[in-house]
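Reviewing the structure listed below.
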Amino acid sequence: MYRTNTCGELNISNVGQQVTLCGWLQRSRDLGGMTFIDLRDRYGITQLAFNMETDATLCEQARRLGREYVLQVTGTVIERSSKNAKIPTGEIEIQVSKLTVLNESKVPPFTIEDQSDGGDDLRMKYRYLDIRRNPVKNNLILRHQMAMLVRNYLSSQNFLEIETPMLIKSTPEGARDFVVPSRMNPGEFYALPQSPQQYKQLLMVAGMDRYFQIVRCFRDEDLRADRQPEFTQIDCEMSFVEQEDVLQMFEGLAKHLFKEMKGLEFGKFERISWHDAMRLYGSDKPDKRFGMEFVEVNDVVKGHGFGLFDNAPLVVGICAAGCAEYTRKQLDELTEFVKRPQVGAGGMVYVKYNADGTFKSSVDKFYGQDDLKALADKFGARPGDLMLLLCGEPMKTRVQLCALRLEMGSRLGLRDPQKYAPLWVVDFPLLEWDDETQRFYAMHHPFTAPKPEDEPLLDDPNRWGDIRANAYDIVINGVEVGGGSIRIHDRQLQNKMFHTLGFTDESAYAQFGFLMDAFTYGAPPHAGLAFGFDRLCSIFGGVDSIRDFIAFPKNNSGRDVMSGSPSPIAKEQLEELQIAIKS
Ligand code: ASP
């Protein structure tokens, strides 16, 4: 038997027991007469004591051990003289009688401490050492706990976890596929699933009624910060449900996670239409940990001779409570912020509502004190507040103002990662126009059903942009953690949708024929949703980066720096696959 106990479980009640522990040498302290070693495993740290007087040979041996050596020790649990209240094993130590080195270790390239001296790249290259550190280890434990809660909850609601294939048919609609060449079918390729969307719908046709899967998905997209080419979804689908059933089911799941992981209870999640979310927050995933809703002020600012406002289709702003004292420098910083290419505004107008009731603005030339008072009233501003305004083309301006709102939220400390503001965004547009390719795309995916009352608009191409979908996202703290829709289960409507998206009968059939065929054999009404599991974990962990919650993530260029993938493959492999590489 390698061990009787772990390094995290012995305490004062075990004093006197003979135990055997295994673990890694975290740290050793040589005090001359005594040597102490912190022995670490996944469960914790236990102090080992070696006494020069009682066993000089053993003590000498202990002194020679290096960091991260793998040890097995046998000894007696004794009460410590200087206790450490910070760790559960802090009242005891092991008086070691036998020490075995199970393996040596090179000196690790960075310190295995909560605060490591290793930079990102180094820690990724030696991820197995990084995982020995508490913060990373604890994230993986959190992920496991979340996965268990999800499985148990959904299973208790009659969902079955069913695996779907990883080698599937490539469908260009959506993001770019990762493809896998088929040796047995030269010149032909599988794709790795971007999501099990079509399979889960087939499982509904197959009568499985409630399906879920914690499943890996792959998207070959240009990597934006903190996107992973492979990521995990909690993928779900249900039959014989309306939108309300779906929202309630998965709101239930989210509440269950909040309760079990955080001890937090929530009432009914707020719901906001996509349209309102854009109008009030300039985003389809508003961060509702704080207010600062947009106020549109065209009616009060136009006609005062300020050309920029007079000519803009939309003038819109936010009111930052208590910020009227902002200095020139702070205001300049904000102007610089909105003018950065990532935000793209031309400039920013500020109006200070001073504590004494007077106003000071960057447009005093055009607006008198009474005009600014009218503006302040429109905002519901109070003395001491600061109003920030942008203007321009409506959608662009709203998105720019969204960036400014979030920036102000951060500056004012209103985006506490330990505070949670979940909500549903509903009634997404069905279709999204793409200027580049001059066609409409499905905003969610081509199987998403329009709202029944908007269905007739499918017959009028001029109104396609107005059609609303039975689609919904769940958003927490400004992050879309999940999304889904009611699916089209009627073949006629699905055909119409394909036509709207520019498919011919043939091209639609070539891509989605198997699903369309299946729908002729009694497809039930169905709907579903998928959560981004990595993202959900990072939110529950109160950390921005999803990488911290993936055991072996890729870096920003999609590389696994530890194993060195992707990498070239041997000429023979290429030949076998009948793939020619241009040199
Ligand atoms: N398959 C969708 C996605 O990956 C989610 C869904 O509609 O269920 O976003």
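Order of appearance sets the numbers: ligands from 1, and atoms from 1 within every ligand.
- For residues 552-567, the pairs satisfying salt bridge (charged side-chain N to carboxylate O under 4.0 Å, His left out) are Glu230-Lys554, with sequence neighbours left out.
- Phe428 and Trp274 have tilted rings, their planes meeting at an angle from 30° to 60° on a 0 to 90° scale.
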Could you list the donor-acceptor pairs under 3.5 angstrom formed by side chains in residues 518-533, with sequence neighbours left out?
unit_1 : atom_1 : unit_2 : atom_2 : d
Thr520 : OG1    : Asp517 : O      : 2.4
His526 : ND1    : Pro524 : O      : 2.7
His526 : NE2    : Gln201 : NE2    : 2.9

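- Heavy atoms from other residues, nucleotides or ligands lying under 6.0 Å from CE of Met395 number more than 12.
- Between Phe447 and His445, the angle of the ring planes lies from 30° to 60°, which puts this pair in the tilted group.
- Screening residues 141-160 for salt bridge (charged side-chain N to carboxylate O under 4.0 Å, His left out) gives Arg143-Asp534, Arg151-Glu161 as the qualifying pairs, with residues at least two apart or on separate chains.
- Protein residues with any heavy atom under 4.0 Å from ligand 1: Ser195, Gln197, Lys200, Arg219, Gln233, His444, His445, Gly483, Gly484, Arg487, Gly528, Leu529, Ala530.
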